[in-house]
Amino acid sequence: MSQNIFALVDCNNFYASCEKLFRPDLAEKPVVVLSNNDGCIIARSREAKTLGIKMGLPVFQVRDLLRKHDVVAFSSNYALYADMSQRVMSTLETLAPRVEVYSIDEAFLDLTGLDFSQNLTEFGISVKHIVQKWTGITVCVGIAPSKTLAKLANHAAKTWHKTGGVVDLTNKDRQRKLLALLPVNEVWGIGGKLTKRLQQLGIDTALQLADADPNYIRQHFSVVVERTVRELNGESCIALEDIAPTKKQIISSRAFGERITDKQQMCEAISEYISRACKKLRQEQQLAKHLTVFLRTSPFSDKDAPYSASKSIELDSPSSDTRVFLAKAMLLLDGLWMNGYRYAKAGVMLADFYDPGVHQPGLFDDPIVQKDSDQALMQLMDKLNSKHADTIWFASQGSQQEWGMKRELLSPAYTTNWAQLPIVK
DNA sequence: TCTGGGGTCCTAGGACCC
DNA sequence: TCTGGGGTCCTAGGACCC
């Protein structure tokens, strides 16, 4: 039996790098990318990190710092990042037989059983060079016998420049040396709450966690943490998932650019989210039976009266028809809406998914089948909207969308819109 | 004045059944 | 004052991830 070997390939400062790619004039400048509504810092270039701009901070708290150092800020441009991500991932798919796209900027490669004419570090270096050459994106590579260790190897590759961005952690002694250097919260799966509880037991470093008794950990925490302990010891417990599992829920939610106090506007927003969620559902080729609608005021404001509520409903039979969900959502909203609050955010969730054609109706349910004409209408709508972005929509979505999100610093859709292609002079 | 969005998994506890 | 035990299913909430 051959030992498992995983590589984690992670793009460096991904969103900020995407923005820089098309703005050579910003090559050495500090760049940050902001969350929806231009609310928080969600990505920083190397230069911005050096300035001490922290991840996740609300922009208004660092405004002076940004101005002082001439930091260039962008609204998030997901069309651009998704397209660049796809280029990176398809490059990786030419370099390894099994690839799991783990997030927009990371992928695990399964190197188990591969016969390397080169050693693993050399393989990592060649991955790095090819991705850089084909896409312009810089990556780091961590290689190890479990995913959790590969994550830490990647972290090391990012942290210590003299590694050249590639770390091979298949050697046991090297593993222990690195684990001893890292605080336990750097471990994949150990967040803030677990870190606190572990520290109370005297476990501060990754190595101390690795050396803890798995059974003891299972009793005091959970099977998840136990698995982490085993993974830290090089025992692979988390398999590579190269076939994306079908989704179990689809959420569409957003904070508003401006607070909503008017029910009509809330109807528009909910309609918009329903429309997006159902479009995603059809892309997944699934039907959903469960719908939740939720809304809330800002949890940060101590002046506004707080209110947060959600309501759910089950359809008689699964559907992917936007009109069906729109009607139900409006009923739910009637039950949720309270006058007098300043709403900051709302959203919808679809769940309880079925493959088309497999739903077993209950004994007393009307066997309502989705009519072919209904499906054709939805398909036509999706087709039109993908060809010419958002050509048609439901009247309830509103045409002004005054509550829509703020994106005042948006870069052009360089790679996905002909009209916005970069021009080389 | 201004604080993101979209997911997954696990567990505890209640409801219900025999 | 007395009022079982054990199993399953579902849901809400908490934890984590990027």
Side-chain angles (χ1 to χ4, degrees), chain A residues 8-11 13-15 32-43 54-64 66 73-78 81-82 85 100-108 147-148 151 154-155 184-198 217-228 237-238 241 244-259 273 276-277 280-281 284 290 292 294 296-304 308-312 314 342 344-353 405-409:
Chain A
L8 176 64
V9 182
D10 191 323
C11 301
N13 319 319
F14 184 56
Y15 295 173
V32 296
V33 177
L34 311 180
S35 65
N36 286 330
N37 284 316
D38 296 342
C40 298
I41 310 272
I42 56 166
K54 295 275 180 277
M55 181 74 173
L57 282 182
V59 173
F60 72 91
Q61 284 178 12
V62 286
R63 191 147 276 154
D64 290 342
L66 299 183
F74 289 96
S75 303
S76 33
N77 183 346
Y78 287 105
Y81 313 147
S85 171
E100 173 187 343
V101 177
Y102 176 67
S103 75
I104 194 163
D105 70 339
E106 289 171 77
F108 287 102
K147 283 180 161 183
T148 304
K151 273 268 187 188
N154 192 288
H155 175 77
V184 71
N185 63 298
E186 292 293 347
V187 175
W188 191 37
I190 306 298
K193 297 277 161 59
L194 284 173
T195 298
K196 259 201 181 144
R197 288 173 56 200
L198 286 165
I217 292 293
R218 184 189 195 130
Q219 272 171 19
H220 285 75
F221 297 89
S222 68
V223 289
V224 185
V225 187
E226 181 199 2
R227 205 156 53 201
T228 299
C237 306
I238 307 173
E241 290 179 19
T246 45
K247 284 198 201 315
K248 296 182 174 169
Q249 56 176 233
I250 290 173
I251 297 173
S252 177
S253 77
R254 209 132 313 211
F256 308 123
E258 283 168 24
R259 300 280 186 264
Y273 303 150
R276 288 181 201 208
K280 256 194 238 173
L281 183 65
E284 291 276 312
H290 178 103
T292 299
F294 61 90
R296 66 163 164 78
T297 56
S298 168
F300 302 104
S301 170
D302 33 70
K303 284 198 317 245
D304 291 337
S308 168
S310 74
K311 277 191 191 298
S312 303
E314 300 293 324
R342 299 177 68 233
K345 183 179 181 175
V348 306
M349 185 178 98
L350 306 179
D352 196 7
F353 291 171
M405 65 173 169
K406 265 188 254 163
R407 295 214 286 177
E408 289 167 354
L409 307 163

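By convention in this document, chain letters (A, B, ...) are assigned in the order of the sequence lines, proteins followed by strands, and residues within each chain are numbered from 1. Note: hydrogens, waters and symmetry copies are ignored here, and every other heavy atom, side chains too, is used.
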Atom-pair distance (NZ on Lys311(A); C1' on dT11(C)), nearest Å: 16 Å

Rounded distance in Å - CE (Met55(A)) to C1' (dC17(C)): 12 Å

Gln219(A) CD - dC10(B) C1' separation (whole Å): 17 Å

I want to verify a distance call: between dC18(C), dT8(B), dT11(B), whose nearest atom is closest to the Val223(A) side chain? dT11(B)

Decide yes or no for Tyr102(A) and Asp10(A): does some side-chain heavy atom of the first lie under 4.5 Å from some side-chain heavy atom of the second? no

For atom CD of Glu226(A) and atom P of dA15(C), their distance in whole Å: 20 Å

Looking at Arg259(A), does any N or O in its side chain come under 4.0 Å of the phosphate oxygens OP1/OP2 on dC2(B)? yes

Supply the atom-to-atom distance Ser222(A) OG to Leu194(A) CG, rounded to the nearest 0.5 angstrom. 7.0 Å

Taking OP1 and OP2 of dA15(C), is either one under 4.0 Å from a side-chain nitrogen or oxygen of Arg197(A)? no

Closest approach to the side chain of Cys40(A), judged atom by atom: which nucleotide of dG4(B), dG5(B), dC10(B) is it? dG4(B)

Residue set satisfying side chain to side chain contact (heavy atoms under 4.5 Å, CB included) with Asp352(A), at least two apart, ordered chain then number -> Lys289(A), His290(A), Glu314(A), Tyr354(A)

Check whether any side-chain nitrogen or oxygen of Ser252(A) sits under 4.0 Å from OP1 or OP2 of dG5(B), and answer yes or no. no

Which value, rounded to the nearest 0.5 Å, describes the distance between Ile250(A) atom CD1 and Lys280(A) atom NZ? 6.5 Å

With a 4.5 Å heavy-atom cut-off, do Leu198(A) and Phe221(A) have their side chains touching? yes

Rounded to whole Å, CD of Glu100(A) lies from P of dC17(C) at a distance of 16 Å

Let's see if you can work this out: which of dC10(B), dG4(B), dC18(C) has an atom nearest to the side-chain heavy atoms of Ser222(A)? dC10(B)

Lys151(A) side chain N/O closer than 4.0 Å to the phosphate oxygens (OP1, OP2) of dC18(C)? yes

Remember a base hit wins even if backbone is also touched, and classify Arg407(A) as base, sugar-phosphate or nothing at under 4.0 Å, heavy atoms. nothing

Over all strands shown, is Ile250(A) touching base, sugar-phosphate only, or nothing at heavy-atom distances under 4.0 angstrom? sugar-phosphate

Side chain of Ser103(A) only, please: which of dC18(C), dG4(B), dC2(B) is the nearest? dC18(C)

For Gln61(A), does the CD atom have more than 12 heavy-atom neighbours from other residues, nucleotides or ligands under 6.0 Å away? yes

How many angstroms lie between atom CZ of Phe256(A) and atom CG of Asn37(A), to the nearest 0.5 angstrom? 9.5 Å

Please give me the minimum heavy-atom distance between Ser312(A) and Thr292(A), naming the atom from each residue. OG-OG1, 2.8 Å

How would you label the contact of Leu57(A) with the nucleic acid (heavy atoms, under 4.0 Å): base, sugar-phosphate, or nothing? nothing

Lys280(A) side chain, from C-beta outward: closest of dG7(B), dT11(B), dC16(C): dG7(B)

Using a cut-off of less than 4.0 Å, is there contact between a side-chain N or O of Arg342(A) and OP1 or OP2 of dT1(B)? no

Using a heavy-atom cut-off of 4.0 Å across all strands, would you classify Asp38(A) as base, sugar-phosphate, or nothing? nothing

Short side-chain N/O contact from Lys345(A) to OP1 or OP2 of dT3(B), under 4.0 Å: no

So Phe108(A) and Trp188(A), would you call those rings parallel, tilted or perpendicular, with 30° and 60° as cut-offs? tilted

Grab the NE2-C1' distance between His220(A) and dC10(B) for me, whole Å please. 18 Å

Name the nucleic acid region contacted by Gln249(A), choosing base, sugar-phosphate or nothing; use a 4.0 angstrom heavy-atom cut-off, strictly under. base

Kindly point out which of dC16(C), dC18(C), dG5(B) is positioned nearest to the side chain of Tyr102(A)? dC18(C)

By the 4.0 Å heavy-atom rule, please label Val187(A) as base, sugar-phosphate, or nothing. sugar-phosphate

How many angstroms lie between CD in Glu100(A) and CD in Glu241(A), if you round to the nearest 0.5 Å? 5.5 Å

Pairing of DNA chain C as dot-bracket, 5' to 3': ( ) intra-strand, [ ] crossing, | other strand, . unpaired, with Watson-Crick or G-U pairs under 3.5 Å? ....||||||||||||||

Kindly point out which of dG6(B), dT11(B), dT8(B) is positioned nearest to the side chain of Lys248(A)? dT8(B)

Determine the contact category for Gly192(A): base if any of its heavy atoms lies under 4.0 Å from a base atom, sugar-phosphate if only primed atoms, P, OP1 or OP2 are that close, otherwise nothing. sugar-phosphate

Please pick, from dT3(B), dG4(B), dC18(C), the nucleotide with the shortest atom-to-atom distance to any side-chain atom of Glu106(A). dC18(C)

P-based separation of dT3(B) from dC18(C) [nearest Å]: 25 Å

What does Ile190(A) touch in the nucleic acid at a heavy-atom separation under 4.0 angstrom: a base, only the sugar-phosphate, or nothing? sugar-phosphate

Return the value, rounded to whole Å, for the distance between atom CZ of Arg296(A) and atom C1' of dG5(B). 11 Å

For the side chain of Lys193(A), counting heavy atoms from C-beta on, which of dC16(C), dG4(B), dG5(B) is nearest? dC16(C)

